[in-house]
Student: 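Below is the structure I would like to discuss, written out as structure tokens.
The figures that follow rest on heavy atoms only: side chains count, while hydrogens, waters and symmetry mates do not. Residue numbers run from 1 in the order of the sequence given. What you see is a predicted model; the values in this text were computed from it and never measured.
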Amino acid sequence: MRSIAQLYVVTLFLVILFTGCDDGMSQPIKEIIPPLETPTNLEKARADMARVNQRRTESQQRAETAGDYSTIFIDSETILIEELDFRKGFWIELVDIFRSEKSDDPTVTDGYRKLQDAFAKRLTENTLGKFYFEYIGTFDPLIIEYLRLSYVYPTQNEEELLAHFTESVRNDTVSIIFPENF
């Protein structure tokens, strides 16, 4: 009986060895289970900005709880430095490039004027800290575009990335929407 069982196992092994598996078994698993999608460069940039906005929200909530918005300004720079590896004031350079490249666009110049007027009003009212993240959030699309470019050109330095960014602005690849009632 034992030898019959061994003979059966050997025969089964030889049949499989010489005939192989059916066609369905020869398919690679990757065709059965779809591969995970790799996020696009824009999706990566948006995810980076989502982390920034999460931290902004936390900072805003701490300031509201404490009733002290003076920390918002320092937190704003710290968040961009820690989350995006930006140097201090870098986001303002992106804004300046956008403003300079769009200086002939009345929608942009009018939007900046209104935003600056609202900024000055909130500053004189001593309420700017309460609305600061809303104010700078206007410029998030510029940061996202710069981050996207940093994923497209991962080996390029800041100067080269800023040149690409300037081209994006010129080609209307990036734009901002100014808030109506800031």
Side-chain angles (χ1 to χ4, degrees), residues 30 34-61 63 69 71-123 127-182:
K30 68 180 181 179
L36 297 175
E37 291 186 30
T38 303
T40 66
N41 295 323
L42 181 58
E43 290 169 337
K44 291 177 193 176
R46 286 182 177 154
D48 291 343
M49 202 65 217
R51 285 193 320 275
V52 167
N53 283 321
Q54 176 60 39
R55 291 207 36 207
R56 286 175 176 170
T57 299
E58 292 165 0
S59 175
Q60 184 78 29
Q61 290 170 344
Y69 293 91
T71 59
I72 293 287
F73 308 106
I74 295 169
D75 287 354
S76 178
E77 284 297 323
T78 302
I79 292 167
L80 293 174
I81 290 167
E82 290 177 357
E83 291 296 330
L84 306 179
D85 202 27
F86 279 12
R87 58 183 162 72
K88 186 174 181 170
F90 181 71
W91 73 274
I92 295 170
E93 286 183 44
L94 299 176
V95 172
D96 288 344
I97 290 169
F98 185 83
R99 186 174 190 174
S100 174
E101 292 298 320
K102 297 295 183 180
S103 63
D104 294 337
D105 184 335
T107 304
V108 173
T109 55
D110 188 49
Y112 271 107
R113 184 188 52 75
K114 288 179 181 177
L115 197 59
Q116 284 180 328
D117 290 348
F119 183 89
K121 178 184 174 199
R122 302 258 187 218
L123 195 58
T127 59
L128 181 61
K130 192 173 188 177
F131 301 97
Y132 187 69
F133 287 135
E134 181 182 341
Y135 167 76
I136 66 172
T138 302
F139 306 108
D140 286 357
L142 304 180
I143 295 171
I144 290 170
E145 176 60 9
Y146 180 84
L147 293 171
R148 182 189 73 80
L149 292 167
S150 73
Y151 287 117
V152 171
Y153 307 105
T155 60
Q156 293 192 355
N157 63 32
E158 181 181 296
E159 184 179 329
E160 293 166 317
L161 290 171
L162 285 173
H164 290 295
F165 177 79
T166 302
E167 278 301 309
S168 288
V169 173
R170 287 181 189 147
N171 296 331
D172 294 321
T173 303
V174 61
S175 62
I176 55 177
I177 298 172
F178 292 96
E180 289 295 318
N181 299 316
F182 173 71

Student: Applying salt bridge (Lys or Arg N to Asp or Glu O under 4.0 Å), name anything that partners R55, two or more places apart in sequence or on another chain.
Tutor: E82, E83
Student: Closest heavy-atom contact between Q156 and L161?
Tutor: O-CD1, 3.8 Å
Student: Decide if the gap between the ring center of Y146 and the ring center of F90 is smaller than 6.0 angstrom.
Tutor: yes
Student: Checking E160 now: which residues fulfil salt bridge (Lys or Arg N to Asp or Glu O under 4.0 Å) with it, not counting sequence neighbours?
Tutor: none
Student: Please test R113 against D117 for salt bridge (Lys or Arg N to Asp or Glu O under 4.0 Å), starting from the C-alpha separation and ending with a verdict.
Tutor: CA-CA 6 Å; R113 184 188 52 75; D117 290 348; 3.5 Å; yes
Student: For D172, check side chain to side chain donor-acceptor pair (under 3.5 Å) against everything at least two apart and list the hits.
Tutor: K102
Student: Could you work out, with side chain to side chain donor-acceptor pair (under 3.5 Å) as the rule, every residue matching Y151, not counting sequence neighbours?
Tutor: D48
Student: Answer yes or no: is there a donor N or O on one side and an acceptor on the other, between the side chain of S100 and the main chain of I97, under 3.5 Å?
Tutor: no
Student: Of all residues at least two apart in sequence or in a different chain, which pass the ring pair (Phe, Tyr, Trp, His ring centres under 6.0 Å) check with F178?
Tutor: Y112
Student: Passes side chain to side chain contact (heavy atoms under 4.5 Å, CB included), L115 versus F139? Steps please.
Tutor: CA-CA 11 Å; L115 197 59; F139 306 108; 3.6 Å; yes
Student: Rounded to the nearest 0.5 Å, what's the gap from CD1 on I144 to CG on L149? Could you check?
Tutor: 12.0 Å
Student: Can you tell whether the side chains of K114 and D110 come within less than 4.0 Å, N to carboxylate O?
Tutor: yes
Student: Would you call E43-R46 a salt bridge at under 4.0 Å N-O?
Tutor: no
Student: With rounding to the nearest 0.5 angstrom, report the CZ to CD1 distance, F86 to I79.
Tutor: 13.0 Å
Student: For Q60 and Y132: C-alpha separation, side-chain torsions, deciding distance, then whether side chain to side chain contact (heavy atoms under 4.5 Å, CB included) applies.
Tutor: CA-CA 9 Å; Q60 184 78 29; Y132 187 69; over 6 Å; no
Student: Report the distance from atom CD1 of I176 to atom CZ of F98, rounding to the nearest 0.5 Å.
Tutor: 4.5 Å
Student: Is it the case that over 12 heavy atoms from other parts of the model lie below 6.0 angstrom from the CD atom of Q116?
Tutor: yes
Student: Of the options R56, E58, R51, which is the one that meets Q54 in a side chain to side chain contact (heavy atoms under 4.5 Å, CB included)?
Tutor: E58
Student: Apply side chain to side chain contact (heavy atoms under 4.5 Å, CB included) to residues N53 and D140 and explain how you reach the verdict.
Tutor: CA-CA 9 Å; N53 283 321; D140 286 357; 3.5 Å; yes
Student: Under the ring pair (Phe, Tyr, Trp, His ring centres under 6.0 Å) rule, collect the residues that match up with Y69, sequence neighbours excluded.
Tutor: none
Student: Judged by atom type as modelled, is there a donor-acceptor pair below 3.5 Å linking the side chain of N171 to the main-chain atoms of T173?
Tutor: no
Student: Of all heavy-atom pairs between F133 and S76, which one has the smallest distance, and what is that distance?
Tutor: CE2-CB, 3.7 Å
Student: Locate the shortest heavy-atom distance separating S175 from P141; write the atom from each residue and the value.
Tutor: O-CB, 3.3 Å
Student: Would you indicate whether K44, at its atom NZ, is surrounded by more than 12 heavy atoms from other residues, nucleotides or ligands within a distance under 6.0 Å?
Tutor: yes
Student: Are the side chain of S150 and the backbone of L147 linked by a donor-acceptor contact shorter than 3.5 Å?
Tutor: yes
Student: Could you check L94 against L162 for side chain to side chain contact (heavy atoms under 4.5 Å, CB included), going step by step and ending with a plain yes or no?
Tutor: CA-CA 8 Å; L94 299 176; L162 285 173; 3.7 Å; yes
Student: Rounded to the nearest 0.5 Å, how far does CD of E167 lie from CD of E101?
Tutor: 8.0 Å
Student: To the nearest 0.5 Å, tell me how far T109 OG1 sits from R99 CZ.
Tutor: 8.5 Å
Student: Which distance, rounded to the nearest 0.5 Å, do you find between the CZ of R148 and the CE of M49?
Tutor: 16.0 Å
Student: So, for R87 and E77, which heavy atoms are closest and what is the spacing to 0.1 Å?
Tutor: O-OE1, 4.4 Å
Student: Would one find more than 12 heavy atoms of other residues, nucleotides or ligands at under 6.0 Å from atom CG of D96?
Tutor: yes
